[in-house]
Amino acid sequence: DAGVTQSPTHLIKTRGQQVTLRCSPKSGHDTVSWYQQALGQGPQFIFQYYEEEERQRGNFPDRFSGHQFPNYSSELNVNALLLGDSALYLCASSLFSFVSSYNEQFFGPGTRLTVL
Amino acid sequence: DQQVKQNSPSLSVQEGRISILNCDYTNSMFDYFLWYKKYPAEGPTFLISISSIKDKNEDGRFTVFLNKSAKHLSLHIVPSQPGDSAVYFCAACSSGTYKYIFGTGTRLKVLA
């Protein structure tokens with residue numbers, strides 16, 4: 001049973017460029033969340049996608065956008081890259097439940113983005 | 001404003017002894033708490049969770065304690081093993097929201 005996979009593993013971009021990161025959720029999961037983890041910090045919530053729509057968003061500018069496909073995979077897009085966008089980007093998948101508000105999130109290994 | 005705080009960046013414990021990792025939170029709306037473990041080059045792995053209706057949850061060597069009045073939770077690992085050496089993150093969420101709020105992590109080193 002494949003867990004959460006992310007691509008690419010590492011990425012180097014320059015300021016002002018755009019980047020797309022990809023995530024495939026764990027088999028059977030329908031919800032994808034994206035987090036940014038800066039060096040020495042905990043993961044920070046960017047947004048969550050369910051049924052191909054953004055369901056909730058954290059305190060990130062509009063430069064950060066996403067998409068979820070019918071097969072539940074997801075993309076994170078970041079436009080006009082800044083040096084401060086350098087971080088580990090984590091994708092987490094979960095299964096939505098009408099019974100419980102708490103859906104355990106399973107994380108992928110992340111994509112390390114470096115902005116020069 | 002850091003709503004979830006892990007004030008100890010690192011902790012060293014001898015193999016076989018107890019490891020105690022602490023976490024404080026400020027938002028009284030949080031009602032579900034989790035601990036994740038992270039090895040280098042891997043994503044966080046779920047360890048154990050606790051709902052605010054409980055004050056203790058056990059899973060093998062891992063026990064999480066919740067003190068709601070103090071807004072404090074702790075993770076106990078007994079006995080500690082070298083393979084437990086990792087960064088441990090505390091996370092919290094509220095009913096009806098979908099985001100986890102993470103602390104900054106505590107690096108645990110278990111010495112053989």
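Quick note on labels: first sequence line is chain A, next is B, and so on, each numbered from 1.
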Fill in: Distance (rounded to the nearest 0.5 Å) between B/K38 NZ and A/L90 CG
6.5 Å
Worksheet item: Does atom CZ of A/R15 have more than 12 heavy-atom neighbours from other groups under 6.0 Å away?
Response: no
Discussion item. B/K99 and side chain to side chain contact (heavy atoms under 4.5 Å, CB included): which single residue from A/Q44, A/Q56, A/R55, A/Q105 fits?
Written reply: A/Q56
Worksheet item: Are A/V115 and A/L88 co-members of a hydrophobic cluster defined by side-chain heavy atoms under 4.5 Å apart?
Response: no
Practice prompt. Taking heavy atoms only and a threshold strictly under 4.5 Å, list by residue number the residues of residues 107-114 of chain A that touch chain B; give 'none' if the list is empty.
Written response: A/F107, A/G108, A/P109
Worksheet item: Can you get from B/F65 to B/L34 by hopping between Ile, Leu, Val, Met, Phe, Trp and Tyr side chains that sit under 4.5 Å apart?
Response: no
Fill in: Part of B/Y39 within contact of chain A (heavy atom distance under 4.5 Å)
neither
Worksheet item: Would B/Y25 end up clustered with B/L47 when hydrophobic side chains under 4.5 Å apart are linked, directly or stepwise?
Response: yes
Practice prompt. Heavy atoms only, distances under 4.5 angstrom: which of A/E104, A/Q48, A/Q41 has the most pairs with chain B? Name it, please.
Written response: A/E104
Discussion item. Between A/I46 and A/Y50, is there shared hydrophobic-cluster membership here, with clusters defined by ILVMFWY side-chain heavy atoms closer than 4.5 Å?
Written reply: no
Worksheet item: What part of B/Y100 lies closer than 4.5 angstrom to a heavy atom of chain A: side chain, backbone, both or neither?
Response: both
Worksheet item: With the 4.5 Å side-chain cut-off for hydrophobic clustering, are B/L73 and B/L108 part of the same group?
Response: yes
Worksheet item: Would you say B/Y32 has more than 12 foreign heavy atoms packed within less than 6.0 Å of its OH?
Response: yes
Worksheet item: What do you reckon, is CG of A/L39 surrounded by more than 12 foreign heavy atoms closer than 6.0 Å?
Response: no
Discussion item. For A/N71, I'd like to know if atom CG has over 12 heavy atoms of other residues, nucleotides or ligands within 6.0 Å.
Written reply: yes
Worksheet item: With a 4.5 angstrom heavy-atom cut-off, which part of A/Y35 approaches chain B: side chain, backbone, both or neither?
Response: side chain
